[in-house]
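Positions are given from 1 along the sequence. Treat the numbers as computed from the prediction; the structure is a model and nothing was measured.
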Amino acid sequence: MAPEQFAREHWARRPLLTRAEDTGNSFTDLLDLPAVDELLSRRGLRTPFLRIAKDGAVVDAKRFTTSGGAGAEIADQVSSDAVLRLFADGSTVVLQGLHRLWPPLIEFADQLAADLGHPTQVNAYITPPSSQGFSPHYDVHDVFVLQVAGEKHWTIHEPVLPDPLRTQPWGDRAAEVAAAAGRPPVIDAVLRPGDALYLPRGFLHSAEALGEISAHLTVGIHSVTRWAAAESALDLVRTLAAEDRELRGSLPLGLDLGRPDSVRDDVAAVIAGLQEWLGRVDPTEVADRLRERTWAQVRPEPVAPLAQSTAAAALGPATVLRVRRRLRCSLRDAADGRVTLLAGRRTHTFPGRVRAALAELLDAGELKVGDLPGLDPEERLTLARRLVTESIATVPDAELPATGVPR
């Protein structure tokens with residue numbers, strides 16, 4: 001399906017089930033069962049990177065965590081033998097935050113977030129044969145379910161609350177969810193390796209493993225919503241309205257808050273004042289605040305601190321600089337003649353004379369230090385060194401000395 005068709009017909013609207021035989025997909029390059037065993041046994045996982053559930057209830061973390069032993073006496077490290085006992089007894093293992101732990105998923109999730117424009121996360125659900133991990137529920141973010149191993153029977157129902165916010169979890173509507181789960185489903189299907197299922201936030205779902213170990217990835221998409229824009233606008237109003245002396249004024253002496261009518265006029269004046277301030281809000285500034293909140297959640301390409309530090313110390317005119325992949329950047333002119341670079345969650349200020357060099361690098365994506373325009377040789381090196389050490393740009397072929405120790 002073309003991205004434009006998916007955006008038009010399914011995004012935030014309707015579920016979509018896609019079969020492996022129609023796409024030729026396999027997701028074992030992202031995760032497979034041996035990788036799950038490695039994560040559980042050799043990676044020193046700690047909570048909350050692991051969660052375990054059985055019969056719809058979450059298992060107390062104390063039942064599967066312990067000290068890591070000599071030199072690693074941290075008490076919440078995952079115990080592989082405890083996980084074995086629980087899994088053999090029918091519990092579902094949930095690996096959380098794999099977009100920060102497992103290299104193939106780090107790259108996959110970060111690139112997906114850049115493509116979609118919405119932050120992402122990745123969890124894995126590993127269920128023993130003929131077991132159900134969680135009862136019917138809904139998520140407050142969109143998900144792509146990618147079946148990795150085994151078979152799992154999925155049942156999908158219409159939402160009880162369309163487009164729920166993060167502050168509106170399914171547990172607050174447990175009775176409604178249970179009732180809705182008894183109605184005819186919109187999807188009732190078995191997912192097999194390579195199948196993919198898209199669910200907009202709010203759609204009820206539950207899944208049961210069939211005759212063998214089942215594993216699937218849940219790619220969560222934290223949609224940037226209009227409500228997020230509303231929150232940014234209200235945050236801005238709160239900041240602006242604090243300058244209004246009338247709104248800062250004290251309520252009458254001897255007020256009785258047990259009688260709402262006694263302060264009704266004051267409250268009405270406050271609401272009117274806030275409405276006036278809301279009318280003064282600049283949509284561009286609201287959008288900028290929304291950008292800050294969203295960009296702070298999207299990770300750019302990881303950098304190798306030792307290799308990049310070594311490269312920064314050895315820069316020359318022939319050194320290639322590459323804008324850090326998936327780092328969202330925007331260049332703006334400041335009133336004092338300087339230039340501001342918005343780069344992900346950070347803001348950097350530069351002298352105005354380097355604007356042309358920054359603009360050329362951002363536009364080209366990759367440039368030799370000696371080709372940075374508008375600067376003398378020493379200024380080029382100074383700018384390039386700052387860009388690398390501030391993780392705005394990287395040296396693509398940076399390597400450590402053979403000993404592995406920076407000189």
Can you tell me if [X] has over 12 outside heavy atoms packed within less than 6.0 Å of its [atom1]?
X: Arg100; atom1: CZ; value: no
X: Glu378; atom1: CD; value: no
X: Arg19; atom1: CZ; value: yes
X: Arg226; atom1: CZ; value: no
X: Glu292; atom1: CD; value: yes

Please assess Leu112 against Ile221 for the test side-chain contact (heavy atoms from CB on, under 4.5 Å), listing each intermediate value before the final yes or no. CA-CA 9 Å; Leu112 182 62; Ile221 313 299; 4.1 Å; yes
At their closest point, which heavy atom of [X] faces which heavy atom of [Y], and how far apart are they?
X: Phe49; Y: Gly97; value: CE2-O, 3.9 Å
X: Pro193; Y: Ala20; value: O-CB, 3.5 Å
X: Gly220; Y: Val143; value: CA-CG1, 4.3 Å
X: Gly202; Y: Pro164; value: CA-CD, 3.6 Å
X: Ala12; Y: Tyr198; value: N-OH, 2.8 Å
X: Pro302; Y: Arg326; value: CD-NH2, 4.1 Å

Say whether [X] and [Y], considering side chains only, have a donor N or O and an acceptor N or O under 3.5 Å apart.
X: His222; Y: Gln121; value: yes
X: Gln147; Y: Ser214; value: yes
X: Arg46; Y: Gln77; value: no
X: His118; Y: Asp142; value: no
X: Arg166; Y: His141; value: no
X: Ser26; Y: Thr28; value: yes
X: Gln168; Y: Asp172; value: no

task: Evaluate the criterion side-chain contact (heavy atoms from CB on, under 4.5 Å) for residue pair Ile126 and Ile213; output intermediate values, then yes/no.
output: CA-CA 7 Å; Ile126 303 92; Ile213 294 175; 3.9 Å; yes
Would you call [X] and [Y] a salt bridge, using N to O less than 4.0 angstrom?
X: Glu158; Y: Arg14; answer: no
X: Lys62; Y: Asp60; answer: no
X: Asp376; Y: Arg353; answer: no
X: Glu38; Y: Arg43; answer: yes
X: Glu107; Y: Arg325; answer: yes
X: Arg192; Y: Glu151; answer: yes
X: Arg248; Y: Glu243; answer: no
X: Arg13; Y: Glu9; answer: no
X: Arg289; Y: Glu231; answer: no

* To do: Name the orientation class of the two ring planes belonging to Phe6 and His10 (parallel below 30°, tilted from 30 to 60°, perpendicular beyond 60°).
  => parallel
Parallel, tilted or perpendicular: which one describes the rings of His137 and Trp170, with boundaries at 30° and 60°? tilted
Report yes if the side chains of [X] and [Y] come closer than 4.5 Å at any heavy-atom pair, otherwise no.
X: His348; Y: Ile392; value: yes
X: Asp110; Y: Glu301; value: no
X: Arg386; Y: Thr382; value: no
X: Ser206; Y: Ser135; value: no
X: Val388; Y: Val395; value: yes
X: Leu321; Y: Val369; value: yes
X: Arg345; Y: Trp295; value: no
X: Leu375; Y: Leu383; value: yes

*Run the salt bridge (charged side-chain N to carboxylate O under 4.0 Å, His left out) check on Arg291 and Asp288 step by step: do they pass?*
CA-CA 5 Å; Arg291 173 198 58 77; Asp288 210 34; 3.0 Å; yes
Across all chains, not counting sequence neighbours, the side-chain contact (heavy atoms from CB on, under 4.5 Å) partners of Asp244 are Glu246, Leu247, Trp277
Donor-acceptor check, side chain of [X] to backbone of [Y], threshold 3.5 angstrom: yes or no?
X: Ser262; Y: Leu255; value: no
X: Arg338; Y: Pro351; value: no
X: Thr47; Y: Leu50; value: no
X: Tyr138; Y: Pro169; value: yes
X: Arg380; Y: Leu372; value: yes
X: Ser91; Y: Phe87; value: no
X: Glu73; Y: Gly71; value: yes
X: Thr347; Y: Ala343; value: no
X: Glu208; Y: Lys152; value: no

Test side-chain contact (heavy atoms from CB on, under 4.5 Å), reference Val219, set Val145, Leu146, Asn123, output is Leu146
Is there a side-chain contact (heavy atoms from CB on, under 4.5 Å) between Leu204 and Val160 once you walk through the steps?
CA-CA 8 Å; Leu204 310 186; Val160 297; 4.2 Å; yes
### Message
Applying salt bridge (charged side-chain N to carboxylate O under 4.0 Å, His left out) to Glu390 and Arg346, what does each step give before you reach the verdict?
### Response
CA-CA 10 Å; Glu390 294 279 2; Arg346 299 177 62 195; 2.6 Å; yes
In this structure, CZ of Arg324 is separated from SG of Cys329 (nearest 0.5 Å) by 9.5 Å
Exercise. Run the side-chain contact (heavy atoms from CB on, under 4.5 Å) check on Leu290 and Val224 step by step: do they pass?
Worked result: CA-CA 9 Å; Leu290 187 60; Val224 183; 3.9 Å; yes
**Q.** Stepwise salt bridge (charged side-chain N to carboxylate O under 4.0 Å, His left out) test for Arg8 and Glu4
**A.** CA-CA 6 Å; Arg8 182 175 61 254; Glu4 297 78 11; over 6 Å; no
